[in-house]
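Note on naming: letters A, B, ... go to the chains in the order of the sequence lines (proteins, then strands), and numbering restarts at 1 for each one.
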Protein chains: 4
Amino acid sequence: MAEIAEMAGVAIGTIYRYFETKNVLITELYQELENKIMKVLHDGYLLGTPVQKRFFYIIRELLRYFITHPTHFRYMEQYCNSPYGLSVHRDRLLGKLGTHNNILMGIFDEGIEQQILKELPKPVLCSLAFGPMIHLMRDHILGFIILDEVLIKHITEACWDAIKR
Amino acid sequence: MAEIAEMAGVAIGTIYRYFETKNVLITELYQELENKIMKVLHDGYLLGTPVQKRFFYIIRELLRYFITHPTHFRYMEQYCNSPYGLSVHRDRLLGKLGTHNNILMGIFDEGIEQQILKELPKPVLCSLAFGPMIHLMRDHILGFIILDEVLIKHITEACWDAIKR
Amino acid sequence: MAEIAEMAGVAIGTIYRYFETKNVLITELYQELENKIMKVLHDGYLLGTPVQKRFFYIIRELLRYFITHPTHFRYMEQYCNSPYGLSVHRDRLLGKLGTHNNILMGIFDEGIEQQILKELPKPVLCSLAFGPMIHLMRDHILGFIILDEVLIKHITEACWDAIKR
Amino acid sequence: MAEIAEMAGVAIGTIYRYFETKNVLITELYQELENKIMKVLHDGYLLGTPVQKRFFYIIRELLRYFITHPTHFRYMEQYCNSPYGLSVHRDRLLGKLGTHNNILMGIFDEGIEQQILKELPKPVLCSLAFGPMIHLMRDHILGFIILDEVLIKHITEACWDAIKR
DNA sequence: CATGAATGAGTTTTCATTCAT
DNA sequence: TATGAATGAAAACTCATTCAT
């Protein structure tokens, strides 16, 4: 907390006017980032276009967002792997978070229905689609690979190969 | 450290006879687990069999190992997402760890050469192959899905679809 | 101070326009309450009536006051048992506060002179007269006994028995 | 806590090996003192002697104890007037603390039965008997009166006058 | 005059590490 | 070599007070 206060250029006590607790600060920051990302995805979303097109759109936007906001990515990843984050993950998968993942889930539902996607449980499709991306973001941030537009396209295609029939 | 000592049934001070520092303990434990896994993979490894067969073997064995040792999975995942772990990851990708990933890298090299796999950078192939698995292990541990043999087969096939030409 | 400001419906800073310091606020509030009580006692006071009558009057009025103003009682008691209050108590007993306790002290002086009361030091008479009352007020506030008029009468008589010859 | 640690001649952290929390420390210290006092009262207790004799014994012993342990008195009084202490007081009166007050309650029960004492609720008798004593202890500690054996005798007699028929 | 966000010294609590036995 | 009580630096949190608006 001392370090955060210093970087924010305020006194320690000031933080506590805005966040009841360190835990609250951590959780609310996570939620804020998540909302930001969801907003980005929603804003340019192409309702009514074919499943594949929407899928490509989402993967590309997510990667772009994280590439331009690497600290957001680092934070969210660390959060999800901490005791704090487990419950969030749980809520996500159980669909409690409602509107958020509807975009993704909608694509999967539709894709399965139209027999475009493999008939696998949604958590599995989810992992096939996003697992690689998350890994690659880390490599990108650490400087091991450079995710340019061409590579992103290849990766997205590979992920699509994983989930499509 | 107090908690670890208690669970180990020794005095706190005793830990420090075996591990100079908490950090050392954490890192050495990680390396021990990693070695264990590498040994498992090596032991039953089918040198000389076709690329796909070896790939399936590795994914299956890893999932099996983690399913029977969920605490190992949790620990390694948490470690890799902590400041401790970043350096390990870096070493891994830069090939410093030598022998370990040679199995995997060997498959990828061979697969690319034989034009079986997509011609993508190895970190990308790596993520396509293992990213989904890691995600799904978490879901499995949290009880959201049950990774039985059938599902594992489907998932492995999907991962193969992602990396194969 | 924040809590007080909120309950008073003013901003925190406003308090400091009326009370230089938290300590000042605490002490002045105590004195205000004390003055209020003294005023009540003085107002209906029966100068010139027999010692016993006056004694009964005081005990009764004090109990009535505290029963109708339990928060005043709680506050004064807590104040007297805090480091703040010790000095007040000291002043009281040393007679510095002048007029206030004169009523009580007058009764004791007179009573001793007329050989109605035991010839004990005034602090002792004071304790015999008021000690029980204070204890019982606490029990009343906590709901362990209900101090109705009948019980108050019995208690006052008992206190009188304690100090009378 | 820092001050306590310093006075105890230990490091701050050491306190927490013996008391989980500041609150626990405060409460346990109170209970220890209470037990000590109860032990003193029990030890020399004259079972089977007349009610009055036992009453005198208790008042005398209590005063003696507090006179020789003024800090104990200060601590217990402050504790009882703090939010911590209210619950203790509640338990006491509701008889939950069992054996402790049985000595006192026993005297009151017997005294009422034998028609020696006034037929008042026990909390009232309790206050009449101990209220003055508590007040006087404070005066004694502050140096306003000196409770010598003679004065103690007079006070005890006065308290007896208050509760006896 | 009133406001309330900002302050930061002070308090409680934690926990990796040490060291006398 | 094992023990675990003691350590104290560092962390989280509180709250009376200030001061620019």
Side-chain angles (χ1 to χ4, degrees), chain A residues 1-30 78-79 82-84, chain B residues 1-30 78-79 82-84, chain C residues 1-30 78-79 82-84, chain D residues 1-30 78-79 82-84:
Chain A
M1 295 301 273
E3 208 175 334
I4 290 169
E6 202 186 6
M7 300 205 82
V10 296
I12 293 174
T14 305
I15 297 181
Y16 289 89
R17 287 195 64 77
Y18 299 91
F19 303 95
E20 231 179 333
T21 285
K22 194 184 94 171
N23 282 17
V24 169
L25 165 60
I26 288 172
T27 305
E28 288 196 3
L29 173 52
Y30 176 79
Q78 213 172 311
Y79 179 87
S82 72
Y84 300 104
Chain B
M1 298 298 273
E3 209 176 333
I4 290 169
E6 199 187 8
M7 299 205 82
V10 299
I12 292 172
T14 307
I15 297 181
Y16 287 88
R17 300 207 63 81
Y18 298 91
F19 303 93
E20 220 179 338
T21 284
K22 194 184 103 174
N23 282 15
V24 170
L25 165 59
I26 288 173
T27 305
E28 288 195 5
L29 174 51
Y30 176 79
Q78 216 172 308
Y79 179 87
S82 73
Y84 298 103
Chain C
M1 297 298 272
E3 209 175 335
I4 290 168
E6 200 188 8
M7 299 205 80
V10 298
I12 292 172
T14 307
I15 297 181
Y16 287 88
R17 300 206 63 80
Y18 299 91
F19 303 94
E20 222 179 337
T21 284
K22 193 185 105 177
N23 282 16
V24 169
L25 165 60
I26 288 173
T27 306
E28 287 195 7
L29 173 54
Y30 177 78
Q78 217 173 307
Y79 180 87
S82 73
Y84 299 104
Chain D
M1 296 301 272
E3 209 176 332
I4 289 168
E6 201 188 5
M7 299 206 81
V10 297
I12 293 175
T14 306
I15 297 181
Y16 289 87
R17 287 196 64 77
Y18 298 92
F19 303 95
E20 228 179 335
T21 284
K22 195 184 95 171
N23 281 17
V24 169
L25 166 60
I26 288 172
T27 305
E28 287 195 7
L29 174 52
Y30 175 80
Q78 214 172 311
Y79 179 87
S82 73
Y84 299 104

Per-nucleotide pairing state of DNA chain F [Watson-Crick or G-U, under 3.5 Å; [ ] pseudoknot-crossing; | other strand]: .||||||||||||||||||||

Student check: side-chain heavy atoms of [X] and [Y] closer than 4.5 Å:
X	Y	result
C:Ile12	C:Ile4	no
A:Tyr79	A:Leu29	no
D:Met1	D:Tyr16	yes
C:Tyr30	C:Ile26	no

Heavy-atom neighbours of B:Glu20 CD exceed 12 at 6.0 Å: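 Not more than 12 within 6.0 Å, no.
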
Expected output: side-chain A:Thr27 to main-chain A:Asn23 donor-acceptor under 3.5 Å: yes

Give the rounded distance in Å between these two atoms: [atom1] of [X] and [atom2] of [N].
X	N	atom1	atom2	value
C:Glu6	E:dG4	CD	P	11 Å
A:Ile26	F:dA11	CD1	P	14 Å
D:Phe19	E:dT11	CZ	P	20 Å

Where protein sits on nucleotides 13-21 of chain F, one letter per nucleotide: B base, S sugar-phosphate only, - none, heavy atoms under 4.0 Å: BB-SBB---

Most 5' of A:Ile15 and C:Arg17 on DNA chain E, judged by nearest nucleotide: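 On the 5' side of the pair lies C:Arg17.
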
